[in-house]
Amino acid sequence: MSVKEKLQELISEAKEKISLVQSVHELNDVKAKYLGKKGSFQEIMKLMKDLPNEERPMFGKLTNEAKQVITNYLIDQKQLIEDAKVNEQLRSETIDVTLPGRSFEVGKKHLLTQIKEELEDLFIGMGYSVMEGPEIEIDEYNFEKLNLPKNHPARDMQDTFYITEETLLRTHTSPVQVRTMLDNKEKGPIKIVCPGKVFRRDDDDATHSHQFMQFEGLVVDETTSMADLKGTLLVAARKLFGDKREIRLRPSYFPFTEPSVEVDVSCHNCNGKGCNICKGTGWIEVLGAGVVNNNVLEASGYDSTKYQAFAFGMGVERIAMLKYGINDIRSFYTNDIRFNKQFK
Ligand code: PHE
């Protein structure tokens with residue numbers, strides 16, 4: 001058999017073999033078999049040494065051509081294998097664009113967070129800063145520096161979870177105001193709101209919770225007055241309950257303020273005519289406030305002959321309940337998604 005015939009035979013054998021290969025891995029084996037170091041061509045090359053010189057170039061040319069042909073078969077087959085793979089993948093991963101889409105739930109902020117943030121925005125707009133403090137407090141900041149010495153009868157107004165004799169779960173966010181006054185090195189003006197969780201020993205029912213959220217405010221300056229307090233609270237009341245609201249102040253008592261007031265807002269439900277929400281009075285009590293007691297200013301190092309302050313505090317749950325007609329405070333904490341979802 002001539003070299004040419006040998007090569008012809010090799011080519012057709014390779015063609016046949018290569019066409020049967022189904023995987024790239026297998027294809028590499030076949031490639032090695034023909035073109036590799038111990039492959040068929042290596043065998044053929046050995047024949048060269050027996051050839052007369054003049055025939056060698058022709059021999060070289062023919063073998064190279066044959067190698068190229070086989071290499072092309074390999075390339076083509078590889079392409080076929082890869083195309084088949086892609087086609088198979090396309091077939092098996094077809095997306096039926098006519099199927100209805102999966103709806104996915106977008107979370108919402110908890111109603112209390114929404115109201116808290118709404119109030120924060122309002123007060124930031126009026127130049128206040130938002131201050132936070134620890135939920136575990138010391139007696140001194142929660143009570144003593146707020147004009148509530150040990151055994152003061154008004155401590156009963158805020159039944160307390162004590163951790164030790166001197167530490168407790170804060171019963172209001174007023175200790176944040178104490179901390180801010182103490183921290184103010186220059187003893188200069190202060191304008192802050194203090195939102196946060198507070199705790200009181202209460203038996204939970206529809207209107208009581210041992211944990212709730214407060215939103216308090218404090219303004220310390222040389223000229224603050226009851227009129228500033230009233231104006232500020234009117235803005236807040238209208239923001240929360242609508243532009244038509246009026247407020248009225250009734251005398252009250254808090255140890256940390258003097259005078260102290262209870263603040264009512266005209267009923268948003270009946271516009272003050274009287275309904276079941278305002279119990280027929282046309283007014284709803286929403287917060288406590290007052291002019292900060294001189295003892296409180298002095299206890300945190302402020303000169304009460306120079307500075308005056310006003311403060312206010314409200315329960316965020318109560319605001320939410322009034323605004324949305326929620327009749328059980330426990331709904332805020334049980335995290336029933338159907339409840340939470342209603343408030344956008
Ligand atoms: N700290 C008071 C409370 O929790 C609320 C309040 C704040 C009242 C400021 C008057 C002035 O009951």
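Order of appearance sets the numbers: ligands from 1, and atoms from 1 within every ligand. Note that these values count all heavy atoms, side chains included, but never hydrogens, waters or copies made by symmetry.
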List, one per line, each side-chain donor-acceptor pair under 3.5 Å for residues 168-176, sequence neighbours excluded.
| from | atom 1 | to | atom 2 | distance (Å) |
| --- | --- | --- | --- | --- |
| R170 | NE | K197 | O | 2.8 |
| R170 | NH1 | G133 | O | 3.2 |
| R170 | NH1 | P134 | O | 3.3 |
| R170 | NH2 | K197 | O | 3.1 |
| T171 | OG1 | N142 | ND2 | 2.9 |
| T171 | OG1 | Q158 | OE1 | 2.4 |
| H172 | ND1 | Q158 | NE2 | 3.3 |
| H172 | ND1 | S174 | OG | 3.3 |
| H172 | NE2 | N142 | O | 3.0 |
| T173 | OG1 | C194 | O | 3.0 |
| T173 | OG1 | E216 | OE1 | 3.4 |
| S174 | OG | E216 | OE1 | 2.6 |
| S174 | OG | E216 | OE2 | 3.3 |

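- By the 30° and 60° cut-offs, the orientation of the rings of F312 relative to F123 is parallel.
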Do R200 and H210 pass the side-chain contact (heavy atoms from CB on, under 4.5 Å) test, and can you show the C-alpha distance, the side-chain angles, and the key distance before you say yes or no? CA-CA 5 Å; R200 291 187 196 175; H210 63 281; over 6 Å; no

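- Residues satisfying the side chain to side chain contact (heavy atoms under 4.5 Å, CB included) test with D336, not counting sequence neighbours, are R338, F339.
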N/O contact list for ligand 1, threshold under 3.5 Å:
| from | atom 1 | to | atom 2 | distance (Å) |
| --- | --- | --- | --- | --- |
| ligand 1 | 1 (N) | H172 | ND1 | 3.0 |
| ligand 1 | 1 (N) | S174 | OG | 3.1 |
| ligand 1 | 1 (N) | E216 | OE2 | 2.6 |
| ligand 1 | 4 (O) | R200 | NH2 | 2.9 |
| ligand 1 | 4 (O) | Q214 | NE2 | 2.7 |
| ligand 1 | 12 (O) | Q158 | NE2 | 3.4 |

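- Classification of R250 and D264 as a salt-bridged pair holds, one side-chain N sitting under 4.0 Å from a carboxylate O.
- Applying the side-chain hydrogen bond (donor to acceptor under 3.5 Å, both in side chains) test to every pair with at least one member in residues 129-138, sequence neighbours left out, gives these pairs: E137-R179.
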